[in-house]
Amino acid sequence: MQESRLFKIVYHLLDKGCSTASELSRMLEVSSRTIYRDLDALSAAGIPVYAEAGRNGGIRLMKDFVLDKTILSEQEKQDILSALQNLSIASSDHVQDTLGKLSALFKLPAQDWYEIDFSRWGAHTHDQDKFELLKLAVLRHTAVKILYINAHGGRDERTVWPLKLLYKSKEWYLKAFCTKKQDFRLFKLNRILQYALSEESFSPMLFPESEMPDENDVFIRLHFTKEAACRAYDEFEEAQIEHLENGDIIACAFMPTDAWLTGYLLSFGPQVEILEPDFLREELAAQAKEIYRKYSG
């Protein structure tokens, strides 16, 4: 207990620069007399801590004192802080505490140069709670009962064994083993409507990684007008794009021909033309005719 308290005193002094015995006693919930005994113990251990009397006095560490004794280079220290920042995005407050302590130990600021928010607009609490519960289930190997919207729009109650959270192409997915299907499945987080931890636990396992291209992937070639060209970069890389003289672009890639793709292409209206394959042109034309029939009165 005392060892933990001694480190907290050093962290606090490294972070704040100066403190008082009364401030430290309140923070650590011990008496001032205990604090002074701790300071004696630190001094005996070779930590250059000292106290100054007077109006601007207080308890301080010797200037430029650093605990790590240059074991790590400046770049390595910054890499560690950056890695902790990455971890803090998907973790709870204890990681932030560790980040603050190491920042003080290294005498380096943890540069807050980016921000990631898992939640959709207007759904912060619900999405964050869902992410935290699934993360907990993955780490503890605990089954989760979910209510899921399947590809056909139906609602399925499933019990799944969460294995990993995956972020791919602007969407979060759960890699899991589905006890209903007795197979591995990918679940889109936005389609998980209800979720609850189960009392069932499972043994750790690996999610099988496909080594072959998806058999549903086909080569598509699309012509985007210049007004819609910027949106094409949401799905296509620069190497997949050909720029035309009038500002239009041609985008080519292998993609799965599913409901998402047709919905994505319909969202462009007349600003995209499918050059190939022909069957996708016909499918989109049929859907466009159905939309026209529905709204034409």
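Quick caveat, the model's predicted, so the values are computed rather than measured.
For the pair L197/V144, a side-chain contact is recorded, criterion being any heavy-atom separation below 4.5 Å from C-beta on. Looking at C252 and F219, their side chains come closer than 4.5 Å, going by heavy atoms from C-beta outward. Residues I249 and L244 are not in side-chain contact: their nearest non-hydrogen atoms beyond the backbone lie 4.5 Å or more apart. Within the 4.5 Å cutoff, side-chain heavy atoms of F131 are placed close to those of L165. Using a 4.5 Å heavy-atom cutoff, the side chains of R231 and S267 are in contact. The shortest distance between side-chain heavy atoms of I59 and C18 does not fall below 4.5 Å. V49 has its side chain out of reach of R60: every pair of non-hydrogen atoms, C-beta onward, lies at least 4.5 Å apart. At least one side-chain heavy atom of L39 sits less than 4.5 Å from a side-chain heavy atom of I9.
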| query | When you look at E290 and R293, which way does the salt bridge (Lys or Arg N to Asp or Glu O under 4.0 Å) test go after all the steps? | reply | CA-CA 5 Å; E290 180 62 21; R293 184 196 63 77; 2.5 Å; yes

| said: Go through it in stages, so that I can follow the logic: the residues are L193 and R155, the test is side-chain contact (heavy atoms from CB on, under 4.5 Å), and I'd like the CA-CA distance, side-chain angles, deciding distance and then a yes or no. | reply: CA-CA 9 Å; L193 303 184; R155 297 189 173 206; 3.7 Å; yes

| Residue pair F184, K175: steps toward the side-chain contact (heavy atoms from CB on, under 4.5 Å) verdict | CA-CA 7 Å; F184 296 93; K175 288 184 170 184; over 6 Å; no

| said: Apply side-chain hydrogen bond (donor to acceptor under 3.5 Å, both in side chains) to residues R140 and S201 and explain how you reach the verdict. | reply: CA-CA 8 Å; R140 293 185 179 179; S201 60; over 6 Å; no

| request: List the steps, then state whether side-chain contact (heavy atoms from CB on, under 4.5 Å) holds for S203 with H141. | output: CA-CA 7 Å; S203 299; H141 311 301; over 6 Å; no

| request: Under the side-chain hydrogen bond (donor to acceptor under 3.5 Å, both in side chains) rule, what do T34 and S31 come out as? Steps first, then yes or no, please. | output: CA-CA 5 Å; T34 299; S31 67; 3.0 Å; yes

| query | After noting the C-alpha distance and the side-chain angles of L222 and I250, does the key distance pass the side-chain contact (heavy atoms from CB on, under 4.5 Å) rule? | reply | CA-CA 6 Å; L222 306 170; I250 304 293; over 6 Å; no

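Residue L275 is not grouped with residue L265 when hydrophobic side chains (ILVMFWY) are merged at heavy-atom distances under 4.5 angstrom, including chains of intermediate members. If you chain together hydrophobic residues whose side chains sit under 4.5 Å apart, F254 and I220 never meet in one group. Linking Ile, Leu, Val, Met, Phe, Trp and Tyr whenever their side-chain heavy atoms come within less than 4.5 Å puts F236 and L266 in one cluster. One hydrophobic cluster, built from ILVMFWY side chains closer than 4.5 Å, holds both L28 and L61. In this structure, V272 is a member of the same hydrophobic cluster as V218, with clusters built from ILVMFWY side-chain heavy atoms closer than 4.5 Å.
Within a 6.0 Å sphere centred on OH of Y36, other residues, nucleotides and ligands contribute 12 heavy atoms or fewer. Within 6.0 Å of the CD atom in E52, the count of heavy atoms belonging to other residues, nucleotides or ligands exceeds 12. Within 6.0 Å of NZ in K180 there are more than 12 heavy atoms belonging to other residues, nucleotides or ligands. Around the CD atom of E157, the shell of radius 6.0 Å holds no more than 12 heavy atoms that belong to other residues, nucleotides or ligands. Residue L206 places its CG atom among 12 or fewer non-hydrogen atoms of other residues, nucleotides or ligands, all under 6.0 Å distant. The environment of K164 atom NZ is sparse: at most 12 non-hydrogen atoms of other residues, nucleotides or ligands sit within 6.0 angstrom.
The shortest heavy-atom contact between G247 and A229 is O-CB, 4.3 Å. Between C178 and V160, the shortest heavy-atom contact is CA-CG1, 4.3 Å. Smallest separation of non-hydrogen atoms from A21 and I35: O-CG1, 4.0 Å. What you find for Q240 and E235 is that their closest heavy atoms are OE1-O, 4.4 Å.
Under 4.0 Å is where a charged nitrogen must lie from a carboxylate oxygen, and between R281 and E276 no such pair does. Salt-bridge formation is detected for the pair D156/R158: a Lys NZ or Arg NE/NH1/NH2 atom is positioned less than 4.0 Å from an Asp or Glu carboxylate oxygen. Salt bridge present: K135 and E132 bring a charged side-chain N and a carboxylate O closer than 4.0 Å.
Centroid-to-centroid, the aromatic rings of F224 and F268 come within less than 6.0 Å. F187 and Y173 have their aromatic ring centers separated by at least 6.0 angstrom.
Expressed to the nearest 0.5 Å, how far NZ of K188 lies from CG of L174 amounts to 14.0 Å. The CG atom of L134 lies 5.5 Å from the CD1 atom of I192; values are rounded to the nearest 0.5 Å. Interatomic distance, OG of S198 versus NZ of K145, reported as 5.0 Å (0.5 Å rounding). One finds the CG atom of L189 at 9.5 Å from the OH atom of Y195 (value rounded to the nearest 0.5 Å). Separating the CZ atom in R185 from the CG atom in L163 is a distance of 13.0 Å, to the nearest 0.5 Å. Separation of atoms CH2 (W161) and OG1 (T142) is listed at 12.0 Å; rounding is to 0.5 Å.
Looking at R33 and S25, their side chains never bring a donor and an acceptor atom within 3.5 Å of each other.
The salt bridge (charged side-chain N to carboxylate O under 4.0 Å, His left out) contacts involving residues 236-255 comprise nothing, where partners must be two or more places apart or lie in separate chains.
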